[in-house]
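To find a chain, count down the sequence lines: A is the first, B the second, and so on, and within it residues start at 1.
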Amino acid sequence: MSQQTKYKRTAWLLASVVIVAVIALLFFSLPKQASSSSGGLPIIHLAGGNVGAPSPFGSISPGSSTHSDLIFDGLLENDENGVVPWLAKSWEISPDGLTYVFHLRNRVRWHDGQPFSAQDVAFTFNFFRTYPQPRNELMVDAHYIVENAEALDDTTVRLTVDGASSIYLAKIGSVNIIPRHIWEGVKDPLKVPPEKASIGTGPFRFTAFSSQHGTYRLDAFPGFWGPKAVVAAVEWIPVGDQVLAFESGTIDLISVGPDLAARYRGNPEFKISEGHNHSGCRLVFNLRQRPELKDKTIRQAFAYGTNREEMVEKLARGAGAVGSAGSIPADHPFYNPKAAPYPFDLDKARQLLAERTFTFDILARNNMDEIKVAELMKITLAKIGITLNVRSLDGKTRNQILHTGKYDLALYKSGFGGDPDYLRTSYGAPKTEKGLGGNTVGYYNDTLYHLGRQSLRELDTAKRRVILNQMQEVVAEEVPQLILYTIIENYVYRPARFNGWRFRSDRLRNTSDMYKLSFLEDWKG
Amino acid sequence: MHIAEYALTLCLILLVNFGLPRMMPGDPFLNAEDDLDQPFAANLTTEQVAYFRAYYGLDKPLSQQFIGYFCGLLHGDMGYSIQFKESVRNMIFSRLPWTLFMVLASLLLSCLLGSWLGCISALHRTGSLDKALYTGMVLFSELPSFVVGLVLLFVFSVQLRWFPMGGGLSPFVPPGNPLSWLADAVHHAVLPVLALTVSRLSGFYLLARNSMMTVLSKDYVRTAWAKGLGAQRVLWGHALRNAMLPIITRVFLSLGGLFGGAVLVENVFAYPGLGALMGTAVGNRDYVLLQGVFLFMSFLVLSMNALADVLCRKLDPRLA
Amino acid sequence: MSAVCVQSNLRKPSRILAWLAMAFCALVVLMGVFSDHLSPYTYNIPSGKSLEAPSWQHWLGTDDLGMDLWALMCHGARTSLLVGVSTALLAGLGGGLLGSFSAYLGGWPDRILMRLTDLVIAMPRTPTLVVLATFWGPSLRNIILVLAFFSWCGPARVLRSRVLALQEEKFIVAARSFGARFFHLARRHFLPNLFPLFMIGVTSQISRAIMAEAGLAFLGLGDPLSKSWGLILNSAMSFRGIHYTPFWKWWVTVPLFATAFLVAACAILCRELETRLDTKGWNRGKKAPGGNHAH
């Protein structure tokens with residue numbers, strides 16, 4: 001062996017020793033794993049991902065307010081059953097329904113130590129009029145509903161609204177109140193940094209957020225006015241595969257489909273919480289583009305000729321329900337069982353069509369779920385003489401088409417929880433409106449229009465229920481849109497780790513979801 | 001001359017990157033009820049849409065928008081993302097090191113390993129070793145990268161618990177000494193880099209194998225052999241150097257497609273790279289962010305291709 | 001030394017693998033041609049319960065809609081084969097030819113082509129697809145064209161670099177100085193040297209094209225119900241939590257392995273071709289009659 005090779009050998013050996021040493025050194029200097037509790041209280045871990053800064057204007061989508069909802073408080077809070085007092089301990093609505101007076105709690109403080117007052121509430125409602133929030137809850141029929149907001153004294157605030165309505169209280173109550181001393185004079189709310197923009201009165205305060213890594217950390221706010229927090233902090237951390245992360249204990253809660261739920265069912269280590277079936281898929285008819293759809297019998301033929309049980313069985317994997325004829329799902333408090341359903345019945349569908357045949361384009365989004373819905377419809381409708389051509393397009397392209405109304409039929413997902421005002425916005429549009437989003441293009445029904453106006457303005461719940469029942473019956477008869485099926489979401493968690501999870505139906509997020517009260521002691525305000 | 005050529009291409013690319021996103025149907029403010037991951041609610045009024053369009057300067061004529069975009073670029077200002085409400089420059093620069101690190105590391109690994117295996121294969125051409133390697137590699141390359149990623153996650157993160165479940169850094173660790181920060185970053189990057197390496201390996205293997213086989217049949221290699229030089233010397237000293245050209249071209253070619261190629265792996269490991277960001281930007285028609293990301297991508301493509309040319313000339317002086 | 005002695009196997013390589021590969025390719029082609037007659041079920045109507053495991057009724061099981069997977073695969077073979085092979089040929093051969101020509105010609109055509117590849121590589125993919133989808137609408141031809149458009153640059157650049165190196169080889173320089181024409185050079189020298197690289201370009205595109213076809217179908221460039229292999233795999237993968245259910249054992253593996261085997265078969269055939277072609281090249285390139293190089 002030559003001298004040269006020897007040197008080479010030694011060099012190689014040295015190099016590998018150095019590399020191994022560096023690797024070892026690196027791994028010894030690794031930071032410690034995140035702790036799962038602090039001071040006896042658990043630290044909750046959830047799947048992260050960037051949904052924008054946890055501030056009123058930071059959220060990047062209307063559906064992602066989970067983080068800011070923990071930081072901010074509304075005047076009222078929604079629990080599983082309805083509104084409960086929150087920042088406001090009581091309220092009065094004038095008999096004409098136009099004035100709301102809220103009496104606020106004392107000794108409420110912002111996270112920066114400043115006292116909270118009625119001035120902040122009044123400011124909030126005026127500020128959001130000028131600068132609309134991403135989730136835009138205070139808009140009804142393209143009007144900002146709060147016409148005037150003023151503080152009567154430090155703990156009383158009076159709001160004047162644009163009309164009497166039974167749906168306004170929940171809307172007003174859900175608005176997150178922001179501090180005047182921070183937002184006053186702000187001209188470009190999108191550019192307020194999260195350290196300032198995320199100061200609220202809620203049970204958790206903003207500690208860390210990284211948009212790049214999709215991580216959030218919110219710590220329990222010791223100066224919170226209300227019930228004590230039962231967790232020390234909530235952390236959203238990045239995980240690739242949620243199921244794997246849950247099984248390894250990295251995160252504490254996941255939402256799973258029925259096939260996966262079976263994996264945890266019966267195992268005492270896990271608990272499964274079933275949500276409502278308040279989100280689903282609907283078929284929209286475009287009566288302006290295809291005037292023949294104005295004939296009610298054709299729309300009814302669609303209802304009879306679509307095998308929706310099959311969709312529940314195959315697409316929802318059994319965990320769902322056939323869309324209700326009156327649009328409001330069966331486990332909703334406003335459901336009317338008298339709205340007559342349409343069973344799958346090809347003979348009846350053929351009878352209604354009376355030998356007529358049609359060809360329609362059906363528009364789906366570029367995801368498998370909707371394409372499969374379209375596929376199943378295509379198969380059964382072919383048997384009654386309706387040919388469907390399925391088109392799938394990227395989300396925004398589809399939106400463009402929905403907005404211009406250049407389609408025959410379209411599928412889309414929507415929520416059926418929350419207030420059933422969606423009956424009005426979907427089917428009760430006035431005659432002139434072009435019809436965007438939830439509305440049925442080219443559809444006008446006099447009864448539904450007038451009932452819809454009444455339901456919006458009726459203050460008495462019992463009377464409103466009667467109106468809504470009537471509406472559901474008309475909708476069931478008219479089939480302005482066909483609700484195909486709704487699905488049930490399952491949440492899985494380890495009760496030994498944290499057992500306080502509470503879920504509520506959220507129309508905005510199209511699902512039932514865990515919310516603020518999960519992390520607070522039970523409390524009667 | 002060359003500079004002018006590249007400048008012209010860059011201008012063309014700028015134009016394409018500006019125009020193409022705006023040619024796509026739909027805009028950031030047109031949403032439907034089920035667009036829950038969109039930056040704006042479906043029920044924006046016409047006035048509100050107009051307000052936002054004006055806020056982002058989308059109400060101006062296209063030519064004016066382009067001039068504004070171009071002038072901003074000259075000042076280093078890439079605008080504010082419509083969806084994320086963050087400065088596009090910050091967004092890109094904060095994610096760029098992660099993507100660069102992941103892609104460069106995996107490219108280096110897969111190139112070295114692939115070339116090595118390729119050379120072995122070429123030496124044993126028509127032998128059973130080559131046959132086994134070749135078939136194995138071709139089949140291997142068909143494994144989707146996210147499947148590889150999931151398997152890695154399952155084995156090393158869930159079963160063995162050696163590596164974290166995802167992300168680029170341990171969250172909420174206060175910035176301490178740089179060494180532990182680096183260790184943490186490397187610790188998080190191991191699995192994504194491995195997954196990406198595996199998915200790129202066979203491409204380099206095939207290329208190296210072929211390139212090497214061609215070179216091995218050359219006169220000068222056979223001369224070297226005839227001179228009695230050791231097989232190792234012949235292989236690594238003479239042949240490889242000459243077989244490198246297509247491999248180098250390929251390396252730089254993949255560098256150009258840097259952001260896009262890693263999306264699946266980024267998703268599996270929730271890695272904070274640019275690929276996934278680009279995907280959402282397209283889905284949301286976030287013109288400002290799109291322009292920024294595409295600009296970077298084009299710049300990378302151009303510079304990498306130029307670099308590849310230079311390097312090839314260096315390696316093979318006959319080309320100059 | 002072992003490195004060199006394997007050359008002695010050159011004359012009697014075992015061909016079993018190659019035959020198997022040939023058989024598989026033939027099978028896929030047959031599946032594509034006779035797709036409608038190979039299965040007792042039709043591909044577009046549910047014929048069983050959803051997600052049945054493979055059995056005598058359903059050889060490969062059923063998907064979530066209850067459609068027979070074998071019928072689906074047979075039907076999908078046609079689309080996938082067509083898309084995969086024609087895209088690969090277009091991109092691999094077309095791109096490769098462009099690259100070789102441009103290297104051979106040099107000067108401004110070469111420059112223009114290189115900048116063009118820069119432009120295409122830098123061109124953002126999804127936006128281009130969305131724009132094209134709105135102008136072109138769905139058709140198989142469009143999918144092939146679009147896929148080829150996006151993938152010809154790799155082969156073009158790799159082959160260009162190879163030709164650049166080749167041109168400086170002594171035998172080519174010599175041939176050129178004797179006034180050899182392009183076609184002569186191409187036939188005698190370039191082709192044998194470049195063929196393997198061409199083939200890499202082609203085979204590596206096949207699976208990419210088959211999988212990418214699904215994505216284009218979703219974006220409106222194709223029929224989302226066409227049931228190609230890419231779409232079958234895509235629908236399996238989009239099934240929630242598929243990895244944690246037993247369904248992946250047939251629903252995912254069948255399309256995945258079919259594609260993998262198809263590509264592997266093509267690659268093995270190419271390797272076989274390459275060996276044969278190269279043997280001739282080897283003999284021709286040598287001055288002395290062929291012999292054993294070992295020892």
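- In terms of non-hydrogen atom pairs under 4.5 Å with chain B, the most contact-rich of C:Val158, C:Leu119, C:Leu116, C:Thr126 is C:Leu119.
- Heavy-atom pairs under 4.5 Å with chain B peak, among C:Val263, C:Ile268, C:Ile112, C:Val252, at C:Val263.
- Contact count against chain B (heavy-atom pairs under 4.5 Å) is highest for C:Met237 among C:Arg160, C:Met199, C:Met114, C:Met237.
- More than 12 heavy atoms of other residues, nucleotides or ligands lie within 6.0 Å of CH2 in C:Trp136, so this atom counts as buried by the packing criterion.
- In this structure, chain C has no heavy atom under 4.5 Å from any part of B:Leu129.
- One distance of note links CZ of C:Arg111 with CD of B:Glu5; it measures 4.5 Å at 0.5 Å rounding.
- In this structure the side chain of B:Met24 never reaches within 4.5 angstrom of the side chain of C:Thr128, judged on heavy atoms.
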Candidate pair B:Arg250 and C:Ser161, rule side-chain contact (heavy atoms from CB on, under 4.5 Å), full reasoning: CA-CA 10 Å; B:Arg250 172 70 174 255; C:Ser161 72; over 6 Å; no

Residues C:Val130, B:Arg285; criterion side-chain contact (heavy atoms from CB on, under 4.5 Å); working and verdict: CA-CA 11 Å; C:Val130 171; B:Arg285 305 289 190 265; 3.8 Å; yes

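- Neither the backbone nor the side chain of C:Arg125 comes within contact range of chain B; no heavy atom of the residue lies under 4.5 Å from a heavy atom of that chain.
- Smallest separation of non-hydrogen atoms from B:Pro25 and C:Thr134: CG-CG2, 3.1 Å.
- The residue among B:Asn210, B:Thr9, B:Thr135 with the most heavy atom pairs within less than 4.5 Å of chain C is B:Asn210.
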Residues B:Met23, C:Phe135; criterion side-chain contact (heavy atoms from CB on, under 4.5 Å); working and verdict: CA-CA 11 Å; B:Met23 277 169 76; C:Phe135 287 119; 4.1 Å; yes

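- If you tally non-hydrogen atom pairs under 4.5 Å between each of B:Leu8, B:Val16, B:Leu10, B:Leu139 and chain C, the highest count goes to B:Leu139.
- Residue contact with chain B, scored on non-hydrogen atoms closer than 4.5 Å, is absent for C:Met211.
- Using modelled atom types, one side-chain atom of B:Tyr134 and one backbone atom of C:Ala267 make a donor-acceptor pair closer than 3.5 Å.
- The side-chain heavy atoms of B:Phe294 and C:Met123, taken from C-beta on, include no pair separated by under 4.5 Å.
- Annotation: side chain of C:Pro124 is not in contact with side chain of B:Leu290 (no heavy-atom distance under 4.5 Å).
- For the atom pair CG of C:Asp118 and CG of B:Leu302, the computed distance is 5.0 Å after rounding to the nearest 0.5 Å.
- If you measure heavy-atom distances from C:Leu256 to chain B, the contacts under 4.5 Å come from the side chain alone.
- The nearest pair of heavy atoms linking B:Ile13 to C:Ala122 is CD1-CB, 3.7 Å.
- No more than 12 heavy atoms of other residues, nucleotides or ligands sit less than 6.0 Å from atom CZ of B:Phe140.
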